[in-house]
Amino acid sequence: MRRLRNRLAGAALSVLALTATGCGGSTEGSSGTPAASGAAAAGQTVANRVEPLKQRPAPRLPVTVRSADGEKVTVEKAERVVPLSGSLSEIVFTLGLGDRVVARDITATFEQAAGLPVVTRGHDVSAESVLSLRPDLVIAETTTGPAEAVDQIRAAGIPVLSVAAAKGLDDVGTRIRAVAGALGVPAAGEELTRRSEQRIEAARKDVPHGQKPRVAFLYLRGSASVYLIGGADSGAGSLIEAAGAVDAGAASGLDKDFTAITSEALVKAAPDAILVMSKGLESVGGVDGLVKIPGVAQTPAGLDRRIVSVEDGVLLNYGPRTDQVLKSVVAQLYGGDGAR
């Protein structure tokens, strides 16, 4: 989810003169929050475990692949792998190669990765920490930074595969194939892509027909006074549309990624429901605190307390658990039992 952290940081700096605490920095220990109870009430949560392929693939290396930054990357071996985002870690583990991962980003909160040392926080990569693990392969997002740290890792002779940041559901298979190719297991990548896409399509079938609720994606960090509404480039539009809804921010004319929340912006967006990250909701004091943000209580969503919340680390991952995220959103959006 690095693309989200970068967008949020930029939006917070330009709009609020604050640095947003990225989504990854808040995902630890998210269970038991007011937001988590909303998903549970709707009867559909996102499992805290990834589901590896049934047959563990055997990497065939060396391979030379094209990185998203245009460079050719040759991977001689992949015994010690360091993915620099939770989404990328999820892909490696789901491919069945989690035993090769030697460290994690703070956003890799699923159970199988919990015991790994945290060596990076998305846009705060420590080259020294990564290199101390003697990795054979580092997998990064195109938005991973700082650039100097990534360059330092490359300069040490470590292959670094850059994977294009996810923007929507269509990127799920592309990212899986990119990671699988670099690990020398392209067939497993195709299998996982098929499985993921089939499950997403199955989740779409649970979407009620005839309803088109307006859903606004709000990014909240109460401790930093960061309150943003997502626009056309927030990354949430694809998920909202897959849930049979309308992205209220984009539909109201917000063409940027994020804009500071104002009463006027919320009234114009007129959301029937509000989508949030669980830790963000917790940071403002749950639903009771959310409706106190100027303008929220005046929206249909605020009046009905219709809030949809999903764990920070998976909401916009667009990885192998995307079908579970979609199911959770659909269950909360149409089940009438959101985080109230």
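Fair warning: this is a prediction, and the values are worked out from it, not measured in the lab. In what follows, every heavy atom counts, from backbone to side chain, and hydrogens, waters and symmetry copies are set aside.
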- prompt: Which heavy atom of A165 sits nearest a heavy atom of D171, and at what distance?
  reply: O-OD2, 4.3 Å

Side chain to side chain contact (heavy atoms under 4.5 Å, CB included) assessment of R66 paired with K72: CA-CA 5 Å; R66 178 74 68 175; K72 286 187 177 180; 3.3 Å; yes

field: Hydrophobic cluster membership, V207 vs V172, 4.5 Å side-chain cutoff
entry: yes

task: Check whether L61 and I139 end up in the same hydrophobic cluster, where Ile, Leu, Val, Met, Phe, Trp and Tyr are linked by side-chain heavy atoms less than 4.5 Å apart.
output: yes

Cationic N near anionic O, under 4.0 Å, R56 to D99: yes

Positive for side-chain hydrogen bond (donor to acceptor under 3.5 Å, both in side chains) with E90, one of T109, N317, T322: N317

- prompt: Step by step, would you call I106 with T120 a side chain to side chain contact (heavy atoms under 4.5 Å, CB included)?
  reply: CA-CA 7 Å; I106 197 169; T120 176; over 6 Å; no

message: I'd like to know if R175 and E141 make a salt bridge, using a cut-off of under 4.0 Å between side-chain N and carboxylate O.
response: yes

statement: Note: P135 and V82 closest approach over all heavy atoms is CB-CG2, 3.8 Å

query: What do the steps show when you test V284 against V276 for side chain to side chain contact (heavy atoms under 4.5 Å, CB included), and what is the final call?
result: CA-CA 11 Å; V284 298; V276 292; over 6 Å; no

field: Pair R199 + E51: basic N to acidic O under 4.0 Å
entry: yes

query: Does a side-chain N-to-carboxylate-O contact under 4.0 Å join E201 and R204?
result: yes

message: With clusters defined by side-chain heavy atoms of hydrophobic residues (ILVMFWY) lying less than 4.5 Å apart, directly or transitively, does L254 cluster with V246?
response: no

D206 atom CG: more than 12 heavy-atom contacts under 6.0 Å: yes

field: D288 and R305 ion-paired at < 4.0 Å
entry: yes

- line: In short, ring pair (Phe, Tyr, Trp, His ring centres under 6.0 Å) pairs touching residues 71-111 with sequence neighbours left out are F93-F110

- prompt: Distance from L137 atom CG to I158 atom CD1, nearest 0.5 Å?
  reply: 9.5 Å

